Amino acid sequence: VRRARALAFARGQKSRPPRAQVPPTTAVVVAIAVSTGGMPALAEVLRLLSEEFPPLCIAQHLNTAFLDSFVRYLGTETHRPVIVVEDAIVAEPGRLYVASRQHHLLFKSGQVCAMAATPGELSPSADLLLRSLAEHAGRDGLGIILTGMGRDGASGLRSLREAGGWTVTQDPLTALVSGMPSAAVEQGGSCEVLSLPLIAARLAALKWK
């Protein structure tokens, strides 16, 4: 399994598009995509956020029955406001945003928006969220993919990188489930591949632009 992951990483390295070399210290918006194993991973990477961190959108694949407990968990672990988005609201610094039940989360023109998912569709979609950052934030957007099953987010992360945004993927060797981060690296969408503590440090140094 480790060899397969290493080969996937090598393929991703070869296909990376051009990018800036220095991680940003500011951003207009941050998006984090995560699935299986996401709650403890999120708690770790969000524990050091500054007071003026950028609006932070989270696409967590979650059974809708657990949305309320997920929101409480995030609020308790981060001591930050967690907003469940049902329509469209102004994106404000110092806040975490999650989608309402059976909705996708998008960033458009300074707003965080909810879009209804079709019946049976995986939601919230990491690809849709990250592509919205590529379109509406570009080089001022930062995208992160953490542990999770499947490939959701891989193409969206590459889109953001190609638009000039900074992109980070959890090291697949450290992920509880390596599917999502491995797919992101394989598609060449990652500017950086980091452990959770290093992702937490990167976010701690980030301020709203």
Side-chain angles (χ1 to χ4, degrees), residues 27-108 110-133 136-137 141-150 152-153 156-157 168 170 175-177 179-181 196-197 199-200 202-204 206-208:
V28 167
V29 62
V30 176
I32 298 181
V34 61
S35 186
T36 311
M39 292 176 70
L42 283 170
E44 182 164 357
V45 301
L46 300 179
R47 60 189 173 87
L48 300 175
L49 293 174
S50 69
E51 291 297 326
E52 286 295 311
F53 66 90
L56 200 154
C57 302
I58 299 172
Q60 163 76 68
H61 299 157
L62 191 72
N63 186 307
T64 57
F66 299 106
L67 177 62
D68 292 340
S69 59
F70 174 61
V71 170
R72 288 194 298 270
Y73 175 83
L74 276 183
T76 299
E77 292 294 323
T78 65
H79 304 289
R80 309 295 185 191
V82 182
I83 312 300
V84 179
V85 182
E86 298 181 349
D87 188 10
I89 56 177
V90 175
E92 298 184 65
R95 287 166 169 74
L96 310 176
Y97 297 93
V98 300
S100 58
R101 290 175 176 82
Q102 297 180 326
H103 278 72
H104 301 299
L105 200 63
L106 305 171
F107 177 80
K108 294 182 179 181
Q111 292 187 316
V112 183
C113 309
M115 181 179 75
T118 59
E121 185 181 17
L122 178 67
S123 63
S125 166
D127 278 326
L128 287 177
L129 174 58
L130 290 164
R131 287 174 192 146
S132 74
L133 263 68
H136 295 277
L142 189 150
I144 300 171
I145 290 184
L146 303 179
T147 175
M149 186 180 300
D152 188 29
L157 198 72
V168 182
Q170 181 181 358
L176 180 64
V177 180
M180 284 172 58
L196 292 180
I199 296 174
R202 176 73 69 239
L203 287 176
L206 198 66
K207 295 184 179 179
W208 187 44

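Note that the coordinates shown come from a computational prediction; the quantities given were computed from them, not determined experimentally.
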Are [X] and [Y] close enough that some pair of their side-chain heavy atoms sits under 4.5 Å apart?
X	Y	value
I144	V45	no
I83	V71	no
P93	F53	no
Q170	L196	yes
V29	L133	yes
R95	P81	yes
S35	M180	yes
M39	F70	yes

Provide the closest heavy-atom pair for [X] versus [Y] in the form atom of the first, atom of the second, distance.
X	Y	answer
L146	V34	CB-CG2, 3.8 Å
L206	S50	O-OG, 3.6 Å
Q60	L42	OE1-CD1, 3.7 Å

Would you please name every residue forming a salt bridge (Lys or Arg N to Asp or Glu O under 4.0 Å) with R202, sequence neighbours left out?
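For R202 the salt bridge (Lys or Arg N to Asp or Glu O under 4.0 Å) partners, ignoring immediate neighbours, are E192.
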
Using the salt bridge (Lys or Arg N to Asp or Glu O under 4.0 Å) criterion, which residues pair with D87? Sequence neighbours excluded.
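By the salt bridge (Lys or Arg N to Asp or Glu O under 4.0 Å) rule, D87 matches no residue at all.
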
Could you give me the CA-CA distance, side-chain angles and deciding distance for L157 and V168, then say whether side chain to side chain contact (heavy atoms under 4.5 Å, CB included) is met?
CA-CA 9 Å; L157 198 72; V168 182; over 6 Å; no

For [X], give me all partners under side-chain hydrogen bond (donor to acceptor under 3.5 Å, both in side chains), at least two apart in sequence or on another chain.
X	value
R101	D68
T76	none
Q102	none
H103	S100

What pairs with [X] under side-chain contact (heavy atoms from CB on, under 4.5 Å), at least two apart in sequence or on another chain?
X	value
A204	L48
P124	A59, A99
S125	H104, D127, L128, D152
S132	L106, F107, L129

Roughly how far, to the nearest 0.5 Å, is the [atom2] atom of [Y] from the [atom1] atom of [X]?
X	Y	atom1	atom2	result
I58	I32	CD1	CD1	5.5 Å
L96	T78	CG	OG1	5.0 Å
H79	L74	NE2	CG	12.0 Å

Would you find a donor on one side and an acceptor on the other, under 3.5 Å apart, between the side chain of Y97 and the backbone of I89?
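Not confirmed, Y97 side chain does not pair with I89 backbone.
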
Enumerate the residue pairs fulfilling salt bridge (Lys or Arg N to Asp or Glu O under 4.0 Å) with a member in residues 40-67, sequence neighbours excluded, ordered by first and then second residue.
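Every pair satisfying salt bridge (Lys or Arg N to Asp or Glu O under 4.0 Å) with a residue in residues 40-67: E51-R80.
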
